[in-house]
Protein chains: 2
Amino acid sequence: MPSQPTATPPPQLTTVDALAQTAFLIQGTLERRAAADHGFSLVQTRLLGVLRDRQPTINGLARLLGLDKSSVSGLVDRAQRRGLVTRTPSTADRRSVLVSLTPEGRALATEVAGRFAADVATILGPLTPSERATLTGLLSRVLVAHAAAHGVDLLATTDH
Amino acid sequence: MPSQPTATPPPQLTTVDALAQTAFLIQGTLERRAAADHGFSLVQTRLLGVLRDRQPTINGLARLLGLDKSSVSGLVDRAQRRGLVTRTPSTADRRSVLVSLTPEGRALATEVAGRFAADVATILGPLTPSERATLTGLLSRVLVAHAAAHGVDLLATTDH
DNA sequence: TATTGTTATACTCTATAACTATA
DNA sequence: TATAGTTATAGAGTATAACAATA
(Lines give C-alpha, C1' and ligand atoms only; values in the text may rest on other atoms or scores of the structure.)
Protein backbone atom coordinates (compact mmCIF):
# COMPACT_ATOMS: atom_id res chain seq x y z
CA MET A 1 0.00 0.00 0.00
CA PRO A 2 1.35 3.43 -0.84
CA SER A 3 1.58 5.90 1.98
CA GLN A 4 -1.13 8.49 2.30
CA PRO A 5 -0.87 11.37 -0.14
CA THR A 6 -1.73 13.87 2.48
CA ALA A 7 0.75 12.88 5.17
CA THR A 8 3.99 14.80 5.18
CA PRO A 9 6.26 12.90 2.80
CA PRO A 10 9.40 11.41 4.30
CA PRO A 11 12.77 12.87 3.22
CA GLN A 12 13.25 10.07 0.72
CA LEU A 13 10.19 8.92 -1.21
CA THR A 14 10.26 5.67 -3.11
CA THR A 15 9.29 5.81 -6.75
CA VAL A 16 6.09 3.88 -6.05
CA ASP A 17 5.09 6.19 -3.22
CA ALA A 18 5.89 9.31 -5.22
CA LEU A 19 3.71 8.13 -8.09
CA ALA A 20 0.88 6.96 -5.87
CA GLN A 21 0.84 10.15 -3.84
CA THR A 22 0.95 12.23 -6.99
CA ALA A 23 -1.99 10.27 -8.40
CA PHE A 24 -4.06 10.92 -5.28
CA LEU A 25 -3.06 14.58 -5.25
CA ILE A 26 -3.93 15.25 -8.89
CA GLN A 27 -7.13 13.25 -8.97
CA GLY A 28 -8.22 14.72 -5.67
CA THR A 29 -7.57 18.18 -7.05
CA LEU A 30 -9.78 17.51 -10.07
CA GLU A 31 -12.47 16.04 -7.87
CA ARG A 32 -12.49 18.98 -5.47
CA ARG A 33 -12.38 21.50 -8.30
CA ALA A 34 -15.40 19.99 -10.05
CA ALA A 35 -17.34 19.51 -6.84
CA ALA A 36 -16.63 22.99 -5.52
CA ASP A 37 -17.46 24.78 -8.75
CA HIS A 38 -20.53 22.89 -9.93
CA GLY A 39 -21.22 19.96 -7.63
CA PHE A 40 -19.96 17.50 -10.22
CA SER A 41 -18.67 14.11 -9.15
CA LEU A 42 -15.43 12.79 -10.60
CA VAL A 43 -17.33 10.41 -12.87
CA GLN A 44 -19.67 13.11 -14.14
CA THR A 45 -16.60 15.22 -14.83
CA ARG A 46 -14.98 12.40 -16.77
CA LEU A 47 -18.22 11.98 -18.72
CA LEU A 48 -18.20 15.62 -19.75
CA GLY A 49 -14.52 15.29 -20.59
CA VAL A 50 -14.90 12.40 -23.00
CA LEU A 51 -17.88 14.06 -24.65
CA ARG A 52 -15.89 17.17 -25.51
CA ASP A 53 -14.62 15.62 -28.73
CA ARG A 54 -16.92 12.64 -29.25
CA GLN A 55 -20.60 11.72 -29.67
CA PRO A 56 -20.49 8.08 -28.62
CA THR A 57 -23.25 5.58 -28.01
CA ILE A 58 -24.01 4.25 -24.55
CA ASN A 59 -21.94 1.20 -25.31
CA GLY A 60 -19.11 3.34 -26.63
CA LEU A 61 -19.17 5.38 -23.43
CA ALA A 62 -19.10 2.18 -21.40
CA ARG A 63 -15.89 1.15 -23.17
CA LEU A 64 -14.35 4.61 -22.83
CA LEU A 65 -15.12 4.87 -19.13
CA GLY A 66 -14.55 1.23 -18.27
CA LEU A 67 -18.07 0.79 -16.91
CA ASP A 68 -21.01 -1.48 -17.54
CA LYS A 69 -23.59 -0.15 -19.97
CA SER A 70 -26.22 -0.12 -17.22
CA SER A 71 -23.97 2.09 -15.11
CA VAL A 72 -23.55 4.46 -18.04
CA SER A 73 -27.29 4.51 -18.62
CA GLY A 74 -27.85 5.85 -15.12
CA LEU A 75 -24.89 8.19 -15.39
CA VAL A 76 -26.31 9.74 -18.55
CA ASP A 77 -29.75 9.89 -16.92
CA ARG A 78 -28.42 12.06 -14.12
CA ALA A 79 -26.38 14.27 -16.44
CA GLN A 80 -29.39 14.68 -18.69
CA ARG A 81 -31.58 15.62 -15.74
CA ARG A 82 -29.09 18.43 -15.05
CA GLY A 83 -29.23 19.61 -18.65
CA LEU A 84 -25.62 18.71 -19.42
CA VAL A 85 -26.08 16.09 -22.13
CA THR A 86 -28.68 14.92 -24.63
CA ARG A 87 -29.66 11.57 -26.11
CA THR A 88 -30.40 11.47 -29.83
CA PRO A 89 -31.56 8.34 -31.63
CA SER A 90 -29.06 6.93 -34.09
CA THR A 91 -30.31 6.83 -37.65
CA ALA A 92 -27.75 4.20 -38.64
CA ASP A 93 -28.81 1.70 -35.99
CA ARG A 94 -32.20 2.26 -34.44
CA ARG A 95 -31.20 0.36 -31.32
CA SER A 96 -28.55 2.95 -30.48
CA VAL A 97 -28.59 6.44 -29.03
CA LEU A 98 -25.90 9.05 -29.41
CA VAL A 99 -24.89 11.05 -26.36
CA SER A 100 -23.62 14.59 -26.79
CA LEU A 101 -22.98 17.70 -24.72
CA THR A 102 -25.51 20.48 -24.53
CA PRO A 103 -24.11 23.99 -24.99
CA GLU A 104 -24.35 24.43 -21.23
CA GLY A 105 -22.59 21.12 -20.62
CA ARG A 106 -19.81 22.15 -22.97
CA ALA A 107 -19.42 25.52 -21.32
CA LEU A 108 -19.16 23.97 -17.87
CA ALA A 109 -16.72 21.30 -19.07
CA THR A 110 -14.51 23.99 -20.53
CA GLU A 111 -14.66 26.03 -17.37
CA VAL A 112 -13.74 23.11 -15.14
CA ALA A 113 -10.89 22.18 -17.48
CA GLY A 114 -9.48 25.68 -17.30
CA ARG A 115 -9.63 25.92 -13.55
CA PHE A 116 -8.15 22.48 -13.15
CA ALA A 117 -5.26 23.45 -15.41
CA ALA A 118 -4.66 26.46 -13.18
CA ASP A 119 -4.69 24.21 -10.11
CA VAL A 120 -2.10 21.94 -11.68
CA ALA A 121 0.04 24.91 -12.64
CA THR A 122 0.03 26.03 -9.02
CA ILE A 123 0.96 22.58 -7.80
CA LEU A 124 3.88 22.49 -10.24
CA GLY A 125 4.98 25.94 -9.19
CA PRO A 126 8.10 24.71 -7.38
CA LEU A 127 9.55 23.37 -10.64
CA THR A 128 11.34 25.48 -13.23
CA PRO A 129 9.93 25.50 -16.77
CA SER A 130 12.77 23.25 -17.83
CA GLU A 131 12.01 20.79 -15.07
CA ARG A 132 8.32 20.79 -15.97
CA ALA A 133 9.27 19.94 -19.53
CA THR A 134 11.44 17.08 -18.31
CA LEU A 135 8.59 15.78 -16.16
CA THR A 136 6.12 16.00 -19.02
CA GLY A 137 8.50 14.19 -21.33
CA LEU A 138 9.12 11.32 -18.93
CA LEU A 139 5.44 10.85 -18.16
CA SER A 140 4.53 11.04 -21.84
CA ARG A 141 6.93 8.25 -22.68
CA VAL A 142 5.44 6.08 -19.96
CA LEU A 143 1.90 6.81 -21.12
CA VAL A 144 2.65 6.23 -24.78
CA ALA A 145 4.34 2.93 -24.02
CA HIS A 146 1.46 1.85 -21.84
CA ALA A 147 -1.13 2.81 -24.43
CA ALA A 148 0.80 0.86 -27.05
CA ALA A 149 0.98 -2.21 -24.81
CA HIS A 150 -2.72 -2.06 -23.96
CA GLY A 151 -3.81 -0.30 -27.13
CA VAL A 152 -6.37 -2.97 -27.69
CA ASP A 153 -8.47 -1.24 -25.09
CA LEU A 154 -9.57 2.14 -26.32
CA LEU A 155 -8.73 3.43 -29.70
CA ALA A 156 -12.46 3.92 -30.20
CA THR A 157 -12.29 7.62 -30.89
CA THR A 158 -14.92 7.57 -33.60
CA ASP A 159 -17.56 5.67 -31.77
CA HIS A 160 -20.98 4.72 -33.02
CA MET B 1 -11.03 18.53 -18.68
CA PRO B 2 -7.99 16.33 -19.22
CA SER B 3 -8.15 13.89 -22.07
CA GLN B 4 -9.05 10.32 -21.25
CA PRO B 5 -6.24 8.34 -19.70
CA THR B 6 -7.03 5.34 -21.81
CA ALA B 7 -7.18 6.98 -25.22
CA THR B 8 -4.00 6.84 -27.26
CA PRO B 9 -2.05 9.95 -26.24
CA PRO B 10 -1.32 12.48 -28.94
CA PRO B 11 2.31 12.97 -30.04
CA GLN B 12 2.63 16.05 -27.83
CA LEU B 13 0.98 15.87 -24.43
CA THR B 14 0.50 18.99 -22.37
CA THR B 15 1.82 18.95 -18.85
CA VAL B 16 -1.71 18.99 -17.45
CA ASP B 17 -2.81 16.08 -19.63
CA ALA B 18 0.30 14.07 -18.85
CA LEU B 19 -0.26 14.48 -15.12
CA ALA B 20 -3.99 13.81 -15.30
CA GLN B 21 -3.58 10.72 -17.45
CA THR B 22 -0.82 9.44 -15.18
CA ALA B 23 -3.05 9.96 -12.16
CA PHE B 24 -5.86 7.93 -13.75
CA LEU B 25 -3.45 5.24 -14.85
CA ILE B 26 -1.79 4.79 -11.45
CA GLN B 27 -4.95 5.02 -9.40
CA GLY B 28 -6.77 2.70 -11.80
CA THR B 29 -3.93 0.23 -11.49
CA LEU B 30 -4.19 0.23 -7.71
CA GLU B 31 -7.96 -0.10 -7.87
CA ARG B 32 -7.85 -3.03 -10.29
CA ARG B 33 -5.07 -4.73 -8.36
CA ALA B 34 -6.97 -4.58 -5.07
CA ALA B 35 -10.26 -5.57 -6.64
CA ALA B 36 -8.83 -8.46 -8.62
CA ASP B 37 -6.85 -9.90 -5.72
CA HIS B 38 -9.26 -9.51 -2.83
CA GLY B 39 -12.36 -7.64 -3.96
CA PHE B 40 -11.26 -4.51 -2.15
CA SER B 41 -12.51 -1.12 -3.24
CA LEU B 42 -10.08 1.78 -3.57
CA VAL B 43 -11.33 3.31 -0.34
CA GLN B 44 -11.04 0.07 1.60
CA THR B 45 -7.51 -0.27 0.23
CA ARG B 46 -6.64 3.24 1.38
CA LEU B 47 -8.08 2.42 4.79
CA LEU B 48 -5.81 -0.61 5.13
CA GLY B 49 -2.93 1.52 3.89
CA VAL B 50 -3.24 4.23 6.51
CA LEU B 51 -3.68 1.65 9.25
CA ARG B 52 -0.37 -0.03 8.45
CA ASP B 53 1.51 2.40 10.66
CA ARG B 54 -1.22 4.01 12.75
CA GLN B 55 -4.02 3.17 15.20
CA PRO B 56 -6.19 6.25 14.79
CA THR B 57 -9.61 7.09 16.13
CA ILE B 58 -12.63 7.39 13.85
CA ASN B 59 -12.16 11.13 13.79
CA GLY B 60 -8.46 10.72 13.05
CA LEU B 61 -9.28 8.45 10.15
CA ALA B 62 -11.79 10.98 8.88
CA ARG B 63 -9.05 13.62 8.76
CA LEU B 64 -6.55 11.26 7.16
CA LEU B 65 -8.96 10.11 4.46
CA GLY B 66 -10.70 13.44 3.95
CA LEU B 67 -14.13 12.00 4.77
CA ASP B 68 -16.91 12.72 7.21
CA LYS B 69 -16.80 10.75 10.45
CA SER B 70 -20.12 9.12 9.59
CA SER B 71 -18.67 7.88 6.30
CA VAL B 72 -15.70 6.44 8.16
CA SER B 73 -18.00 4.77 10.66
CA GLY B 74 -19.66 2.82 7.86
CA LEU B 75 -16.34 2.16 6.16
CA VAL B 76 -14.92 0.63 9.33
CA ASP B 77 -18.15 -1.33 9.80
CA ARG B 78 -17.70 -3.04 6.45
CA ALA B 79 -14.00 -3.69 6.97
CA GLN B 80 -14.72 -5.10 10.41
CA ARG B 81 -17.41 -7.37 8.99
CA ARG B 82 -14.73 -8.79 6.70
CA GLY B 83 -12.34 -9.36 9.59
CA LEU B 84 -9.80 -6.79 8.40
CA VAL B 85 -9.88 -4.29 11.27
CA THR B 86 -10.92 -4.11 14.91
CA ARG B 87 -12.37 -1.41 17.14
CA THR B 88 -10.93 -1.10 20.64
CA PRO B 89 -12.23 1.39 23.22
CA SER B 90 -9.79 4.13 24.09
CA THR B 91 -8.79 4.19 27.73
CA ALA B 92 -7.65 7.80 27.53
CA ASP B 93 -11.00 9.12 26.26
CA ARG B 94 -13.95 6.86 26.73
CA ARG B 95 -15.82 8.51 23.87
CA SER B 96 -13.22 7.32 21.37
CA VAL B 97 -12.41 4.02 19.73
CA LEU B 98 -9.10 3.03 18.21
CA VAL B 99 -9.11 1.29 14.85
CA SER B 100 -6.36 -1.16 14.02
CA LEU B 101 -5.57 -3.89 11.51
CA THR B 102 -6.16 -7.52 12.33
CA PRO B 103 -3.27 -9.87 11.46
CA GLU B 104 -5.25 -10.92 8.41
CA GLY B 105 -5.88 -7.32 7.41
CA ARG B 106 -2.19 -6.56 7.73
CA ALA B 107 -1.21 -9.57 5.66
CA LEU B 108 -3.60 -8.62 2.87
CA ALA B 109 -2.49 -4.98 2.94
CA THR B 110 1.13 -6.06 2.60
CA GLU B 111 0.29 -8.38 -0.25
CA VAL B 112 -1.62 -5.73 -2.18
CA ALA B 113 1.20 -3.24 -1.63
CA GLY B 114 3.74 -5.65 -3.03
CA ARG B 115 1.75 -6.48 -6.12
CA PHE B 116 0.95 -2.84 -6.73
CA ALA B 117 4.64 -1.98 -6.52
CA ALA B 118 5.31 -4.62 -9.15
CA ASP B 119 2.58 -3.15 -11.35
CA VAL B 120 4.16 0.28 -11.10
CA ALA B 121 7.58 -1.13 -11.87
CA THR B 122 6.17 -2.65 -15.06
CA ILE B 123 4.55 0.62 -16.04
CA LEU B 124 7.85 2.44 -15.54
CA GLY B 125 9.71 -0.19 -17.55
CA PRO B 126 10.34 2.13 -20.52
CA LEU B 127 12.44 4.45 -18.36
CA THR B 128 16.08 3.86 -17.47
CA PRO B 129 17.00 3.69 -13.76
CA SER B 130 18.47 7.14 -14.06
CA GLU B 131 15.29 8.51 -15.58
CA ARG B 132 13.18 6.88 -12.88
CA ALA B 133 15.35 8.60 -10.28
CA THR B 134 14.84 11.94 -12.03
CA LEU B 135 11.08 11.40 -12.12
CA THR B 136 10.98 10.44 -8.44
CA GLY B 137 13.02 13.48 -7.52
CA LEU B 138 10.80 15.92 -9.42
CA LEU B 139 7.59 14.46 -8.04
CA SER B 140 8.99 14.40 -4.53
CA ARG B 141 9.80 18.09 -4.67
CA VAL B 142 6.27 18.84 -5.84
CA LEU B 143 4.76 16.69 -3.09
CA VAL B 144 6.95 18.11 -0.36
CA ALA B 145 6.16 21.66 -1.39
CA HIS B 146 2.45 20.90 -1.53
CA ALA B 147 2.48 19.22 1.87
CA ALA B 148 4.29 22.23 3.31
CA ALA B 149 1.78 24.63 1.81
CA HIS B 150 -1.19 22.62 3.05
CA GLY B 151 0.59 21.06 5.99
CA VAL B 152 -2.15 22.27 8.23
CA ASP B 153 -4.21 19.42 6.88
CA LEU B 154 -2.69 16.14 7.79
CA LEU B 155 0.45 15.78 9.79
CA ALA B 156 -1.62 13.75 12.23
CA THR B 157 0.60 10.70 12.18
CA THR B 158 0.25 9.96 15.84
CA ASP B 159 -3.47 10.12 16.07
CA HIS B 160 -5.65 9.58 19.11
C1' DT C 1 -21.07 23.37 26.27
C1' DA C 2 -18.20 20.81 23.15
C1' DT C 3 -16.67 16.52 21.19
C1' DT C 4 -16.85 11.37 19.81
C1' DG C 5 -19.13 8.07 17.58
C1' DT C 6 -23.41 6.03 15.78
C1' DT C 7 -27.69 6.04 13.36
C1' DA C 8 -31.34 7.57 10.05
C1' DT C 9 -31.87 9.28 5.64
C1' DA C 10 -30.95 10.38 0.91
C1' DC C 11 -28.29 10.39 -3.03
C1' DT C 12 -24.55 8.86 -6.42
C1' DC C 13 -22.26 5.15 -8.41
C1' DT C 14 -21.64 0.39 -9.68
C1' DA C 15 -22.67 -4.45 -11.28
C1' DT C 16 -25.75 -8.48 -12.43
C1' DA C 17 -29.75 -10.17 -14.40
C1' DA C 18 -33.90 -9.84 -16.93
C1' DC C 19 -36.28 -7.50 -20.34
C1' DT C 20 -37.53 -4.85 -25.17
C1' DA C 21 -36.59 -3.57 -29.45
C1' DT C 22 -33.82 -3.95 -33.29
C1' DA C 23 -30.29 -6.23 -36.16
C1' DT D 1 -29.40 -15.49 -32.49
C1' DA D 2 -26.95 -11.47 -31.17
C1' DT D 3 -26.66 -6.67 -29.83
C1' DA D 4 -28.23 -1.87 -27.81
C1' DG D 5 -30.31 0.11 -24.24
C1' DT D 6 -33.31 0.23 -20.08
C1' DT D 7 -34.98 -1.26 -15.73
C1' DA D 8 -35.08 -3.76 -11.24
C1' DT D 9 -32.37 -4.86 -7.60
C1' DA D 10 -28.61 -4.90 -4.36
C1' DG D 11 -24.77 -3.04 -2.39
C1' DA D 12 -20.71 0.31 -1.45
C1' DG D 13 -19.69 4.92 -0.57
C1' DT D 14 -20.72 9.65 0.71
C1' DA D 15 -22.78 13.69 3.36
C1' DT D 16 -26.16 16.04 6.55
C1' DA D 17 -28.68 16.03 10.62
C1' DA D 18 -30.03 14.27 14.97
C1' DC D 19 -28.76 11.69 18.83
C1' DA D 20 -26.41 9.41 23.25
C1' DA D 21 -22.36 9.25 25.91
C1' DT D 22 -18.48 11.45 27.59
C1' DA D 23 -15.41 15.40 28.35
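Chain letters run A, B, ... following the sequence lines, proteins first, then strands; residues in each count from 1. Atom set for the values below is all heavy atoms of this structure, side chains included, hydrogens, waters and symmetry mates excluded.
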Test item: B:R46 and A:F24 side chains (from C-beta on) under 4.5 Å apart, heavy atoms: yes
Whole-Å gap separating P (D:dG13) and CG (B:L67): 10 Å
Sugar-phosphate only, base, or nothing, as touched by A:S71 at under 4.0 Å among non-hydrogen atoms: base
Nucleotide nearest B:T57 when distance is taken to its side chain, options D:dA23, C:dT22, C:dG5: C:dG5
Separation of D:dT16 C1' from B:K69 NZ (nearest whole Å): 11 Å
Flag, side chain of A:S73 to backbone of A:K69, donor-acceptor distance under 3.5 Å: no
A:R81 vs B:G74, nearer the 5' end of DNA chain C by closest nucleotide: B:G74
D:dT6 OP1/OP2 closer than 4.0 Å to side-chain N/O of A:S73: yes
Separation between CZ of A:R33 and CG of A:L42, rounded to the nearest 0.5 Å: 14.5 Å
Interatomic distance, A:L75 CG vs D:dT6 C1' [rounded to whole Å]: 15 Å
Whole-Å distance separating the CD1 atom of B:I58 from the P atom of D:dC19: 22 Å
Polar side-chain contact B:R94-D:dT22 base: donor and acceptor under 3.5 Å: no
Atom-to-atom span, CG of B:D68 to P of C:dT9 - whole angstrom: 17 Å
Base of D:dT14 paired with side chain of B:S70 (donor-acceptor, under 3.5 Å): no
Phosphate-side-chain proximity, A:R95 and D:dA2, N/O vs OP1/OP2 below 4.0 Å: no
Contact under 4.0 Å: A:N59 side-chain N or O vs D:dG5 OP1/OP2: yes
Distance, nearest 0.5 Å, that separates OG of B:S71 from CG of B:L61: 12.0 Å
Contact check, side chains of A:R52 and A:T110, non-hydrogen atoms, under 4.5 Å: yes
Euclidean distance, atom CD of residue A:Q44 to atom P of C:dC11 [Å, nearest integer]: 15 Å
Whole-Å gap separating C1' (C:dT14) and CG (B:L42): 14 Å
Distance-only donor-acceptor test, A:R78 side-chain atoms vs C:dT12 base atoms, 3.5 Å: no
Whole angstrom value for the distance that separates P of C:dC11 from CG of A:D77: 15 Å
Sugar-phosphate, base or nothing in reach of B:V97, heavy atoms under 4.0 Å: sugar-phosphate
